[in-house]
Amino acid sequence: MKLDNVFKKTRLLKRKGQTAAENRGPEVPEGLVRKCNMCKGAIIAEDVKKGGYICPRCGGYFRMHAYRRIESVADPGTFEEWDRGLSTKNPLQYRGYPEKVAALKERTGLDEAVTTGKVRIEGEEAALAVCDGRFFMASMGEVVGEKITRAVERATKERLPLIIFTCSGGARMQEGIVSLMQMAKTSAAIRRHSDAGLLYITVLTDPTTGGVTASFAMLGDIILAEPGALIGFAGPRVISQTIGQRLPKGFQRSEFLLEHGFVDQIVERPRMKEVLGRLLKLHRDDQRALTAAPEGMRQSLKIPTGMDRARAWDRVLASRRKDRPVGMDHIGALFTDITELHGDRYYGDDQAIVGCIARFQGMPVTVIAQEKGRDTKENIRCNFGMPSPDGYRKALRLMKQAEKFHRPVICFVDTPGAFCGVEAEERGQGEAIARNLYEMSALKTPILSIVIGEGGSGGALALGVADEVWMLENSIYSILSPEGFASILWKDSTKAQEAAEVMRLTAGDLYALGVVDRVLAEPSGLTVEDIQAVTEPLAAWIREFLEQYGEMDADALVAHRYERFRRM
């Protein structure tokens, strides 16, 4: 209550022109109070500054000045500023524009709406650009475009990863078509940085709109966003005033974009430095060879014998058991430094396919898994492991990213089949699967696929065009489910058990056919509790695979993969 009284007094003083806060923009003078524009509560300015510019009452985010943003992520004393002092021109001879620029320079201490330079984050060197909304709402004029382009070019020349914190109202109206051209200029520079095999991370903050969204903001190899940030091409006011359409709650916020496949992760501000540091470490240009695997792990590399004594239908039931380890269980047991990435960049983020970058015994890899979930709630969220087109497109996006950074791809297959709903057909399920087969056949990085449960039809094959395909002993891989097979060929789905025997869908059958390259024995009734009985020998196999295929020339690798399927 006392805070509210102080706030009222401060507001009264402001009306009388007696407070310095009047001309300071979003910054709050020390010792004064301000009103949170989200929860409307009165908050002490110093508490907000010390708390990362986050409202202590509601957790809402205030916008950060560029230099404070840099301080929040940079290792102390490591920031080296680039290209300060470029002159802002007036290409349209827009009246009052030079005077406004001069006033903003005086008030903010900035030369323009973006600050660029080199920095270390958690010990990792990177080029950094940070937009500052105090300067024309960080709109992109010629100087902003030039500073970003120079930073990208220098990062390319020095082979540095690049991080850009975006915050912008879009193109700068006062510079007209010259501002529009900066979209093309910055995008072209980022393409060259990408072609050099270098990492680009964008961090979208509130707001990121207009021409910045439609250029460098959405071109990151990895796109992060702060919670609740407004992100979109046409802002809500423009949409409302142009077409009169009412917008749903949460429209164009970070969470909306994550759901619709355009953002990899939403990262809270206190975690940002740690997340960026981990990503930079994972993408470091590190050519260290894997050390030799422990001898004890190499003793499990035999194909199990006697495994076909069990009936095929028993294998089917085992592969479908609700307590059988799912994709995320295998990922957690085999990999470290796991960073999940989301979205296909076209429509959505399908939970039936999990994609991440991680380390396998110190080596960066891309891991993609079809995920069924561990309980009913997760089953529903993951659509029982039946991917949509968005899932396959997400998987392909991450595979292409892995190819760029020369990371091996490891896929875990576990699906009854691709989702066959109306919406999946509307969004191009067939095309999405076909595109994966097409692209994976020529991907210039090693690919390993491991069937850990059900391998159902083309939905499984979309992650199965690999240099080698392995299976767990009680997994299956087939053209169709036994029920579907019996229904189509015999017009009687009750003959599923008989169909399972005819289909030759067990690991032993498929090894004999040359469809799979290795089969890993597993304990009876495999659960998460005894998953190490599978993952310890599997780790030795994976290590051997990475050593063998990691040494192959890219063209030889693609030729080998082509011949593998050409023989079938």
Side-chain angles (χ1 to χ4, degrees), residues 282 288-310 315 318-319 321-340 354-372 374 407-414 446-455 463-464 466-477 506-508 510-511 516-551:
L282 280 167
R288 289 174 299 175
L290 289 168
T291 56
E295 286 299 320
M297 295 179 69
R298 293 189 178 273
Q299 295 173 1
S300 303
L301 301 183
K302 297 179 181 178
I303 301 300
T305 57
M307 58 175 293
D308 286 320
R309 294 170 188 164
R315 306 282 188 200
S319 74
R321 278 187 27 244
K322 291 185 178 180
D323 60 349
R324 186 175 178 84
V326 293
M328 287 301 294
D329 296 320
H330 287 271
I331 291 173
L334 286 163
F335 304 96
T336 59
D337 292 338
I338 300 163
T339 300
E340 186 175 356
V354 173
C356 57
I357 52 177
R359 289 189 188 275
F360 175 77
Q361 299 180 6
M363 181 179 188
V365 294
T366 290
V367 186
I368 298 167
Q370 289 166 326
E371 175 64 23
K372 290 181 174 179
R374 303 179 180 95
R407 287 195 303 265
V409 176
I410 301 173
C411 299
F412 292 92
V413 175
D414 187 14
I447 309 173
L448 169 63
S449 291
I450 307 166
V451 184
I452 59 172
E454 290 184 275
L463 296 186
D467 302 299
E468 290 192 13
V469 178
W470 305 344
M471 292 181 70
L472 269 61
E473 179 181 357
N474 283 323
S475 59
I476 61 172
Y477 194 7
T506 69
L510 297 167
Y511 178 75
V516 301
D517 302 279
R518 286 184 168 184
V519 178
L520 180 65
E522 59 178 86
S524 177
L526 175 66
T527 65
V528 175
E529 281 68 34
D530 52 9
I531 193 173
Q532 283 191 331
V534 166
T535 56
E536 285 188 5
L538 185 57
W541 286 19
I542 293 173
R543 188 182 193 92
E544 185 180 80
F545 172 89
L546 295 176
E547 290 172 345
Q548 176 183 348
Y549 288 92
E551 294 176 356

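These numbers come from the heavy atoms of this one structure, side chains and all, not from hydrogens, waters or symmetry mates. The first residue in the sequence is number 1, and the count goes up from there.
With sequence neighbours left out, Phe412 forms a ring-ring contact (aromatic ring centres under 6.0 Å, His included) with His330. The ring-ring contact (aromatic ring centres under 6.0 Å, His included) test applied to Tyr549 returns Phe545, His560, not counting sequence neighbours. Listed by chain and number, the residues in a side chain to side chain donor-acceptor pair (under 3.5 Å) with Arg374 are Asp329 (sequence neighbours excluded). For Ser449, there are no side chain to side chain donor-acceptor pair (under 3.5 Å) partners two or more places apart in sequence or in a different chain. Residues satisfying the side chain to side chain contact (heavy atoms under 4.5 Å, CB included) criterion with Gln548, sequence neighbours excluded, are Glu468.
Distance alone, capped at 3.5 Å, is enough to place a donor-acceptor pair between the Arg321 side chain and the Leu526 backbone. In this structure a side-chain-to-backbone donor-acceptor pair under 3.5 Å is present from Glu371 to Gly327.
Listed here is the closest heavy atom pair of Ile338 and Cys356: CG2-SG, 3.9 Å.
For residues 520-530, the set of pairs meeting the salt bridge (charged side-chain N to carboxylate O under 4.0 Å, His left out) definition, not counting sequence neighbours, comprises Arg324-Glu522.
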Could you go through the side chain to side chain contact (heavy atoms under 4.5 Å, CB included) check for Val365 and Arg407 one step at a time? CA-CA 5 Å; Val365 294; Arg407 287 195 303 265; 5.6 Å; no
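Within 6.0 Å of CD in Glu340 there are more than 12 heavy atoms belonging to other residues, nucleotides or ligands.
Partner of Leu463 under the side chain to side chain contact (heavy atoms under 4.5 Å, CB included) criterion, chosen from Ile447, Ile368, Val451, Ile450: Ile368.
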